[in-house]
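Here's the structure, in structure tokens; my notes come after.
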There are 4 protein chains.
Amino acid sequence: MTLPGNDVKYGTCRTDKVSFMSDTPRRRGADRTEAIMRTTLELGQEIGYARLSIEAVAARAGAGKHTIYRRWPSKGALLLDSLLSLNETSLDYPDTGDVAADLRVQIHAAVDLLAAPPFGPLFQALIGEAQYEPQVAAALNERFIVPQADKTVARLKAARDQGQLSPRFDLELAMAILSGPLYFQLLITQQPLTHEYVDRILDALFAGMAPRPQ
Amino acid sequence: MTLPGNDVKYGTCRTDKVSFMSDTPRRRGADRTEAIMRTTLELGQEIGYARLSIEAVAARAGAGKHTIYRRWPSKGALLLDSLLSLNETSLDYPDTGDVAADLRVQIHAAVDLLAAPPFGPLFQALIGEAQYEPQVAAALNERFIVPQADKTVARLKAARDQGQLSPRFDLELAMAILSGPLYFQLLITQQPLTHEYVDRILDALFAGMAPRPQ
Amino acid sequence: MTLPGNDVKYGTCRTDKVSFMSDTPRRRGADRTEAIMRTTLELGQEIGYARLSIEAVAARAGAGKHTIYRRWPSKGALLLDSLLSLNETSLDYPDTGDVAADLRVQIHAAVDLLAAPPFGPLFQALIGEAQYEPQVAAALNERFIVPQADKTVARLKAARDQGQLSPRFDLELAMAILSGPLYFQLLITQQPLTHEYVDRILDALFAGMAPRPQ
Amino acid sequence: MTLPGNDVKYGTCRTDKVSFMSDTPRRRGADRTEAIMRTTLELGQEIGYARLSIEAVAARAGAGKHTIYRRWPSKGALLLDSLLSLNETSLDYPDTGDVAADLRVQIHAAVDLLAAPPFGPLFQALIGEAQYEPQVAAALNERFIVPQADKTVARLKAARDQGQLSPRFDLELAMAILSGPLYFQLLITQQPLTHEYVDRILDALFAGMAPRPQ
DNA sequence: TATTAAACGAGACGGTACGTCGCGTCTTGGT
DNA sequence: ACCAAGACGCGACGTACCGTCTCGTTTAATA
């Protein structure tokens with residue numbers, strides 16, 4: 001992926017080639033790439049991403065700094081790739097026929113992964129970085145948010161077709177309405193994001209704020 | 001206000017004293033405090049908060065670094081105070097009797113202030129800082145989020161008593177549900193936050209996702 | 001002294017002030033200056049000036065790199081000052097009335113100081129640096145070569161007035177003719193510079209190459 | 001020639017073979033060797049030898065770094081060979097019967113070549129390198145200084161046999177006494193080395209410093 | 001009114017990390 | 001088999017800020 005407005009590629013490291021067979025002897029470049037990302041996550045969990053430095057990652061990984069800068073233009077980009085390399089077995093929606101239950105299951109899984117240690121603090125920090133670095137924000141959207149949104153919309157569309165959602169529900173807003181309150185809890189109030197809290201949010205969103213006739 | 005877990009006070013600068021009379025000659029301390037915060041905002045708008053340094057603020061403000069460190073423990077704290085010093089004429093809810101309209105008006109105002117230049121990028125950056133600095137997160141909550149939430153809940157409670165809201169609506173969730181989608185747009189997708197978008201969100205939240213009997 | 005063509009002063013460190021009384025408490029700046037120069041000489045003798053780095057001097061001296069760069073613009077300048085700080089009790093000519101003997105004594109002393117460990121290798125390296133850095137070359141001349149030349153010329157002039165030198169001897173060439181062969185041995189052939197060698201050179205220079213009538 | 005204390009040969013590049021016939025098609029190795037040395041001189045004249053890097057030579061010459069390292073162990077060695085490759089049509093003494101005139105002519109030629117652009121600065125830098133790298137110093141002596149000294153001594157010996165030099169003149173010192181003052185001017189005072197200056201030095205050396213009977 | 005303690009600007013200081021450069025070695029792929 | 005190209009670990013470069021710490025100099029409150 002090429003980041004918009006920037007020739008530097010990351011996301012897929014420039015020097016990596018996809019290895020189609022697991023027994024393919026991996027090239028030097030790919031080895032270093034993996035080692036660096038693994039070290040980034042380790043060190044990040046130990047000392048926090050605020051104190052994480054490219055210098056320290058290089059030292060711990062036994063890599064030269066240039067080897068890191070050759071691949072990623074910034075600490076944020078490195079963090080992004082390192083985190084997303086974990087998430088490649090992505091968060092998929094089940095379809096049991098009960099959309100409310102399916103959403104609940106999927107969101108619980110997402111919350112368990114992204115809002116709890118060991119990766120919660122990392123993910124939080126990544127969104128923090130995105131506020132400064134437009135490249136990171138763009139890449140985060142393209143590679144994580146948009147795919148999730150697409151899956152969510154697809155599942156909701158199926159539900160609407162089955163009459164489980166209001167036909168007037170604005171599907172474009174789905175991601176913001178479903179995820180927004182959770183990100184609010186994660187980023188703004190920074191209170192724990194429990195399953196119970198998720199359930200209450202879902203109930204409220206399904207019911208709506210307006211009074212309903214009995 | 002004392003930040004939790006830290007003896008250093010900010011929010012109300014330690015050296016400031018409230019001046020009860022406008023003609024009271026302001027003390028040296030308050031002058032410097034104001035000049036520094038003003039410079040912080042100026043410089044932040046010019047070069048962005050990522051590149052903002054206390055060193056540069058001191059130089060531009062004609063202040064010694066010590067004078068800044070005497071007041072604020074970190075760049076984040078300085079940014080927080082600088083921003084909130086603008087907001088003291090706070091965002092209040094009207095009460096026209098029509099809760100949907102009142103929310104709309106108030107949220108439009110908030111969005112105009114916090115999601116658009118010149119202060120949108122600053123506010124975004126402040127939330128970014130909050131992901132790293134727990135003190136900033138706590139102060140942001142105490143001094144901005146909680147007061148807003150309280151006002152929102154108060155207005156909604158009145159509406160519920162008048163039958164304009166579902167009696168079962170979970171008021172504790174109000175802030176997250178109303179604000180979450182907007183912060184999502186501001187922080188995650190980083191798309192423009194228009195009045196039209198706010199209206200669509202509000203409509204969807206009032207209606208709810210579940211199908212309604214005609 | 002200001003180096004020609006450069007605003008940066010070294011030789012006399014910018015931040016130093018001469019302390020007129022030995023019991024004057026020395027300022028912070030002068031302390032660091034001395035410590036850094038001392039460390040430079042130590043480390044230079046240990047590992048050689050080729051391998052000497054500003055980084056290593058800073059680390060060993062317990063100083064920040066900036067503290068060094070604030071004073072000296074380059075490794076060569078630092079080396080120059082460090083070396084010349086040793087030489088301030090300079091090489092002076094005796095005047096016993098016998099100019100040949102006086103030259104011999106003074107040159108033996110100079111050779112012992114500058115062509116033998118511990119300072120010979122340092123002095124050699126300094127001249128090496130001077131080939132690359134015009135500032136170092138200029139400062140070396142102004143602060144070391146020219147003063148020595150002046151003393152030499154003064155001593156020779158006295159000798160000429162007493163009839164101990166050929167009245168036609170070109171005094172302007174004195175330094176080059178007396179020192180040149182020694183620097184040649186030091187820098188080019190890099191053979192040991194013994195007292196015996198110095199004596200042979202002096203004898204030859206006094207006698208001249210041309211045949212003499214009996 | 002093998003450098004003392006080092007198995008790596010330079011001087012005669014390991015991969016070069018003397019081509020005995022001018023129409024022999026030269027091998028690939030020799031082409032690269034020449035191209036690299038030519039580039040070294042070009043680049044050295046453009047940016048100065050201090051800033052010259054093997055990396056840059058390789059890039060400019062369209063050569064791999066390995067190809068350079070295969071031939072020369074250091075930047076100094078490369079510089080030495082590059083410079084001496086120019087000088088193979090060496091500086092030889094005429095013998096007109098007048099030794100003073102012959103020395104004058106030969107030294108003028110040497111000074112024109114080695115103390116003036118384009119090769120003066122390079123030669124100066126080479127001597128600078130020799131202060132750090134003993135190998136370079138040794139090779140410079142063996143391949144340039146010693147041969148020149150031998151020629152000089154031979155010419156002077158002939159002159160002495162003809163009674164043009166003092167029979168007591170110490171021939172072993174000849175090179176140091178004749179060249180030393182010139183190197184002093186080149187390396188230490190870094191003043192221009194004119195023919196007129198050379199002549200004055202020669203006159204003084206022939207005459208000697210001691211007074212002469214009429 | 002004179003004294004004095006605090007706040008202040010200025011900036012030196014020991015550090016840490018930055019992003020860049022060049023070293024000398026090693027790997028890859030092309031000719 | 002040699003080459004160009006360049007990745008790699010390494011180490012130093014020179015810069016920027018960090019947060020702490022003297023410095024003298026105002027400044028305004030007290031004596």
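In the text below, chain A, chain B and the rest are named by the order of the sequence lines, each starting its count at 1. Reckoned from all heavy atoms, side chains included, excluding hydrogens, waters and symmetry mates. Keep in mind that what you see is a predicted model, and the values were worked out from it rather than measured.
The distance between atom CG of D31(A) and atom P of dC8(F), rounded to the nearest whole Å, is 10 Å. R60(A) has its CZ atom 18 Å from the C1' atom of dG9(F), to the nearest Å. In this structure, I36(A) atom CD1 and dA7(F) atom P are separated by 13 Å, rounded to whole Å. In this structure, the CG atom of L78(D) is 10 Å from the P atom of dC23(E), given to the nearest Å. The distance between atom CG of L52(D) and atom P of dC21(E), rounded to the nearest whole Å, is 16 Å. In this structure, R32(C) atom CZ and dG15(E) atom C1' are separated by 13 Å, rounded to whole Å. As a whole-Å value, the separation of I54(B) CD1 from dG9(E) P is 15 Å. To the nearest angstrom, P of dT15(F) lies 13 Å from CD1 of I68(C).
The listed nucleotides are dA7(F), dG19(E), dA4(F); the one nearest the side chain of Y69(A) is dG19(E). Candidate nucleotides dA12(E), dC3(F), dG9(E) were compared by shortest atom distance to the side chain of R70(C), and dA12(E) ranks first.
E133(C) and S74(C) make their closest contact through OE1-OG, 2.8 Å (heavy atoms, listed as atom of the first residue, atom of the second, distance).
Of the possible donor and acceptor atoms, one in the side chain of R32(A) sits under 3.5 Å from a partner among the backbone N and O of A61(A). In this structure, the side chain of R51(C) does not engage the main chain of E46(C) through any donor-acceptor pair within 3.5 Å. Distance alone, capped at 3.5 Å, is enough to place a donor-acceptor pair between the K75(D) side chain and the L52(D) backbone.
Comparing E55(C) and G64(C) by the nucleotide of DNA chain E that holds the closest heavy atom to each, the one mapping nearer the 5' end is G64(C). Nearest-nucleotide positions on DNA chain E for S53(A) and H66(D) put S53(A) closer to the 5' end. Nucleotides of DNA chain F nearest to A56(B) and A61(D) differ in position, and the one nearer the 5' end is that of A61(D).
One finds a side-chain N or O of R71(A) lying less than 4.0 angstrom from the OP1 or OP2 phosphate oxygen of dC8(F). The phosphate of dG14(E) (OP1 or OP2) has a side-chain N or O of T67(C) nearer than 4.0 angstrom.
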Run the numbers on I36(D) and T40(D) for side-chain contact (heavy atoms from CB on, under 4.5 Å), then give the verdict.
-> CA-CA 6 Å; I36(D) 290 164; T40(D) 300; 4.2 Å; yes
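Among the atoms of the strands shown, base atoms are found under 4.0 Å from some heavy atom of K65(A).
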